[in-house]
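Below, chain A is the first sequence line, B the second, and so on; all start at residue 1. Everything numeric here is computed off the predicted structure, so don't read it as measured data.
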There are 2 protein chains.
Amino acid sequence: MMELTRKGEYAIRGIVYLAGKPIDKVCLLSDIAAAVDVPPTFLAKIFQQFSKMGLVKSFRGTGGGFMLGRAPENITLLEVVEAVEGQIIPNRCVVKPSDCGRSDYCNVHPVWKRVQGEVRGVLEGVTLKELSTGEPASKTN
Amino acid sequence: MMELTRKGEYAIRGIVYLAGKPIDKVCLLSDIAAAVDVPPTFLAKIFQQFSKMGLVKSFRGTGGGFMLGRAPENITLLEVVEAVEGQIIPNRCVVKPSDCGRSDYCNVHPVWKRVQGEVRGVLEGVTLKELSTGEPASKTN
DNA sequence: CACTAAAAAGACACTTTATATCCTTTTAGG
DNA sequence: CCTAAAAGGATATAAAGTGTCTTTTTAGTG
Ligand code: SF4
Ligand code: SF4
């Protein structure tokens, strides 16, 4: 259970690739797709989502392509994942307790809340910068 | 993403119900299903799985039914969830790194490992006892 | 023993989500 | 105007999720 979809996996690969390039370098979708081994048409859809959310900037026409929307140290893995997969929801009652009817007294409910928090915490603690360079965030600098 | 399936949700409801009964009380599937509001035929399949893994004991024929396989304080939520949903796998490379080819140098890979660990940790820290009584485990007693 | 209660097993049907491709349209440069 | 490239939309296929139905096995009971 809890498996990331291909879409999510591809999304990460694609944007981490961008994060490894100079911030203002415009990359062709076809190049990115080839580099990270993802079906180009599929990656196109993903990057369209990214583009709408400002995670990447896109340019059309000759000389067009994609570049990162913000500095890679300011984009967390959580943002990337949620951009394409939606919110992280271990159980539906986490987002809509009213759906269940048992949520008032249910002892399992808070556990899912906790799971959600933990997962979000981990993903939020990782930036594209770290993912592209392999270096842990140097928070004390 | 990461949503528990209905099956998983139903499984938990069903077994937590059992955990709230005296350990040697035999409950009818139909009663359990009605009590926790789950389609009886579906719950049957789930309890068959539980039975094979020893999480519940089953008795056939007249006077038959189900009871918990072990003391509720010795069954963790992790066990229950993994019994019906399989392992908790945030990304497939967590369980089969060889599938990816990039796993050797991939910086995202360890993040999924960490996510897996956190989720398992949370679920492992919760027992059926706590879930049925609402009381946190009193480890210091 | 025959009858009945109850779970086990297996097959099946339907829905939803995931995965991917294709075609057309828009935008921008040369 | 022609070409490069992304955006948008429709569609196709496969896989997973959700649930039902029927038949079989097991066990108690008069
Ligand atoms: S029973 Fe509890 S855990 Fe399950 S959906 Fe309802 S509130 Fe959530
Ligand atoms: S690229 Fe990294 S995170 Fe993605 S599947 Fe491969 S090893 Fe795992």
Side-chain angles (χ1 to χ4, degrees), chain A residues 1-15 18 25-34 36-69 81 84-87 89-92 99, chain B residues 1-15 18 25-34 36-69 81 84-87 89-92 99:
Chain A
M1 74 170 294
M2 305 222 141
E3 234 176 294
L4 189 72
T5 62
R6 292 291 83 195
K7 186 177 174 189
E9 166 66 21
Y10 295 161
I12 296 168
R13 285 195 207 172
I15 203 166
L18 271 192
K25 159 97 193 228
V26 173
C27 300
L28 283 184
L29 180 71
S30 52
D31 289 348
I32 305 171
V36 299
D37 193 30
V38 166
T41 58
F42 202 171
L43 193 63
K45 294 298 177 192
I46 294 166
F47 269 54
Q48 280 168 29
Q49 281 188 259
F50 279 159
S51 181
K52 280 183 199 157
M53 325 194 74
L55 284 179
V56 306
K57 285 181 195 146
S58 75
F59 305 92
R60 285 148 73 135
T62 313
F66 296 88
M67 61 188 228
L68 219 51
V81 168
V84 294
E85 302 261 26
Q87 269 190 274
I89 302 174
N91 197 353
R92 58 185 66 175
D99 272 10
Chain B
M1 71 170 296
M2 305 221 140
E3 233 176 293
L4 189 72
T5 62
R6 291 292 83 195
K7 187 178 174 189
E9 166 66 21
Y10 296 160
I12 296 169
R13 284 195 207 174
I15 203 167
L18 271 193
K25 159 97 193 233
V26 174
C27 300
L28 284 183
L29 180 72
S30 53
D31 290 348
I32 306 171
V36 300
D37 193 30
V38 167
T41 58
F42 202 172
L43 192 63
K45 294 298 178 193
I46 293 167
F47 269 53
Q48 281 169 29
Q49 282 189 257
F50 279 159
S51 180
K52 280 182 199 156
M53 325 196 74
L55 285 179
V56 305
K57 286 181 195 147
S58 75
F59 305 93
R60 283 148 73 132
T62 312
F66 296 88
M67 61 186 228
L68 218 52
V81 168
V84 294
E85 301 262 25
Q87 269 189 274
I89 301 172
N91 198 352
R92 58 185 66 174
D99 271 11

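Under the rule for a side-chain contact (heavy atoms from CB on, under 4.5 Å), the partners of A:Met67 that lie at least two apart in sequence or sit in another chain are A:Val26, A:Lys57, A:Phe59. Looking at residues two or more places apart in sequence or on another chain, you find no side-chain contact (heavy atoms from CB on, under 4.5 Å) involving B:Arg60. For B:Glu85, the side-chain hydrogen bond (donor to acceptor under 3.5 Å, both in side chains) partners two or more places apart in sequence, or in a different chain, are B:Thr5. Among residues two or more places apart in sequence or in another chain, the side-chain contact (heavy atoms from CB on, under 4.5 Å) test is passed with A:Pro40 by A:Ala33. Partners of A:Glu9 according to the side-chain hydrogen bond (donor to acceptor under 3.5 Å, both in side chains) rule, which considers only residues two or more places apart in sequence or in another chain, are A:Arg13, B:Asn91. Applying the ring-ring contact (aromatic ring centres under 6.0 Å, His included) test to A:Phe50 and every residue at least two apart in sequence or in another chain returns A:Phe47. By the side-chain contact (heavy atoms from CB on, under 4.5 Å) test, A:Lys52 pairs with no residue at all, sequence neighbours left out. Here B:Lys7 pairs with B:Gln49 under the side-chain hydrogen bond (donor to acceptor under 3.5 Å, both in side chains) rule; sequence neighbours left out.
Among the atoms of the strands shown, only primed sugar atoms or phosphate atoms (P, OP1, OP2) are found under 4.0 Å from some heavy atom of A:Ser51.
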Are there any protein N/O atoms within less than 3.5 Å of an N/O atom in nucleotides 19-22 of chain C, and if so, which ones and at what distance?
residue	atom	partner	partner atom	Å
C:dT19	OP1	A:Arg6	N	3.4
C:dT19	OP2	A:Arg6	N	2.9
C:dA20	OP2	A:Tyr10	OH	3.3

Please write out the pairs of protein N or O atoms and N or O atoms of nucleotides 25-28 of chain C separated by less than 3.5 Å, giving the distance to one decimal.
residue	atom	partner	partner atom	Å
C:dT26	O2	A:Arg60	NH2	3.0
C:dT27	O4'	A:Arg60	NE	3.1
C:dT27	O4'	A:Arg60	NH2	3.2

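Fit an axis to the five pairs at each end of the helix from C:dC1-D:dG30 to C:dG30-D:dC1 and the two axes sit 10° apart, to the nearest 10 degrees.
Protein chain A touches strand DNA chain D; the 5'-most and 3'-most nucleotides with an atom under 4.0 angstrom of its non-hydrogen atoms are D:dT3 to D:dG9.
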